[in-house]
Amino acid sequence: MTSDYVVEKLKAKFPEIVEWIEADAGQSFAVVDAEDWLSVCRYLSRSAELEFDFLRSMAGTDFPELDAIEVVCHLYSYKNKQDFVIKTRAQKAKPQLDSLSKIWPAANWYEREIFDLLGVHFDEHPDLRRILLPEDWVGHPLLKDYTQQESYKGIPTTRPGY
Amino acid sequence: MNAHIEPGPEGGFAIGPIDHLLNLARKNSLWYMLFGTACCAIELMQTGGPRSDADRLGMLFRATPRQSDTLLLAGTITYKMASRIRLLYEQMAEPKYVIAMGSCANTGGLFQPSYSVVKGGDLFLPVDVYIPGCPPRPESLIEGLMLIQQKIEKEPYLKKAWGKYKSPVKDPNIKGLV
């Protein structure tokens, strides 16, 4: 099995939703819209032939030039020994995506991290709260327009003299 | 034995023979709380190891603040951890000392630009001795521990125990941190 075969099956099942981008460096990936995110991922995981049962990792990046936060999933299929990369974009103004935790339970903490550091809200996530930063932290640091607050609970965030 | 005058307000504090004996006992049995958050913890463990032995100075590590005299801040401190460290510091019994080991505990170190790193342990704890290094070699750490011993032997302990002597290190007592 190759990535092209996976894309063929995807395009057959979801015509005009999946866009395949051949990358010059690194892996080629598929891009879907935010509305179809859950259904495409569910098909990738539940399909008897493709069976991508392993979510290797999930991450997010803030792209101000696309005015979106891009969330990427790296999937792997043990049965077919095939890996696959799929991305989606959440709008910067109101970043919201469907949660994948019902499909792959590992997505639970990855989505908590993306929420914590980038501010993307995941619908129907069982436990969406901050995971790395303290619970009462203000702001999402990995956004490109993040500015640090003056002090956290009384501890100054800049050292006097620096 | 000779009286020692420690400089301070209103003419200074005199260290008498009883102070001298008590300080001798205290400085040669300084139990530190093993608080290594990052790489400095490895050098701390090595300093407790056989080659440069902290135990020959009487120092051994305790896992709990209730049984320790010193809080050895070894490693990077994050904002999330800072409130817990303050809680641990307040659980220690007087007389207590804080040693900041390594760049991260001194000023934030390598990770100063980061959003989640506290820029130095002295922003929320009264630090007595700063040990530079990344990480400081065991010899550096032993020198820092000897410095705190020298600090202890000059303290007017009886006056301190009765509350008449305040340590010159300022305590940034932040309300609402714990």
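Numbers restart at 1 for each chain; the letters A, B, ... are given by sequence-line order, proteins then strands. Hydrogens, waters and symmetry mates are skipped; everything else that's a heavy atom, side chains included, is used.
- Counting non-hydrogen atoms of neighbouring residues, nucleotides and ligands closer than 6.0 angstrom, the CD1 atom of Ile21(A) exceeds 12 such neighbours.
- Considering every non-hydrogen atom in both Leu133(A) and Ser116(B), the closest pair reads CD2-CB, 4.0 Å.
- Crowding of Glu16(A) atom CD: a count of heavy atoms from other residues, nucleotides or ligands under 6.0 Å not exceeding 12.
- With hydrophobic clusters built from ILVMFWY side chains whose heavy atoms lie under 4.5 angstrom apart, Val72(A) does not share a cluster with Ile103(A).
- Heavy atoms only, all atoms of each residue included: Pro156(A) and Leu123(B) are closest at O-CD1, 3.7 Å.
- At a heavy-atom cut-off of under 4.5 Å, chain A is reached by Asn106(B), Thr107(B) from residues 98-107 of chain B, listed in order of number.
- Atom NZ of Lys79(A) has more than 12 heavy atoms from other residues, nucleotides or ligands within 6.0 Å.
- Two different hydrophobic clusters hold Val169(B) and Leu73(B) under the rule that ILVMFWY side chains link at heavy-atom gaps under 4.5 Å.
- Annotation: the span from Arg130(A) atom CZ to Lys80(B) atom NZ amounts to 10.0 Å, rounded to 0.5 Å.
- In the hydrophobic clustering of this structure, Tyr115(B) groups with Ile69(A); members are Ile, Leu, Val, Met, Phe, Trp, Tyr whose side-chain heavy atoms approach within less than 4.5 Å, directly or through other members.
- Checked for salt-bridge contact, Arg159(A) and Asp122(B) meet the test: a charged N lies under 4.0 Å from a carboxylate O.
- Atom NZ of Lys96(B) has more than 12 heavy atoms from other residues, nucleotides or ligands within 6.0 Å.
- Residues of residues 80-99 of chain A lying within less than 4.5 angstrom of chain B, judged on heavy atoms, are absent.
- Ring geometry for Tyr152(A) against Tyr79(B) counts as perpendicular: the plane angle is over 60°, on a 0 to 90° scale with 30° as the lower cut.
- The local environment of CD in Glu143(B) is sparse, with at most 12 non-hydrogen atoms from other residues, nucleotides or ligands closer than 6.0 Å.
- The CD1 atom of Ile155(A) lies 4.5 Å from the CG atom of Leu177(B); values are rounded to the nearest 0.5 Å.
- Hydrophobic clustering places Phe52(A) together with Met58(A) (ILVMFWY residues linked when any side-chain heavy atoms are closer than 4.5 Å, directly or through intermediates).
- Residues of residues 104-127 of chain A lying within less than 4.5 angstrom of chain B, judged on heavy atoms, are Leu117(A) in numerical order.
- Grouping Ile, Leu, Val, Met, Phe, Trp and Tyr by side-chain contacts under 4.5 Å, direct or through others, puts Tyr76(A) with Phe54(A), Tyr78(A).
- Environment of CZ in Arg56(B): crowded, with over 12 heavy atoms of neighbouring residues, nucleotides or ligands closer than 6.0 Å.
- One hydrophobic cluster holds both Ile77(B) and Met92(B) under the rule that ILVMFWY side chains link at heavy-atom gaps under 4.5 Å.
- Within a 6.0 Å sphere centred on NZ of Lys160(B), heavy atoms belonging to other residues, nucleotides or ligands number more than 12.
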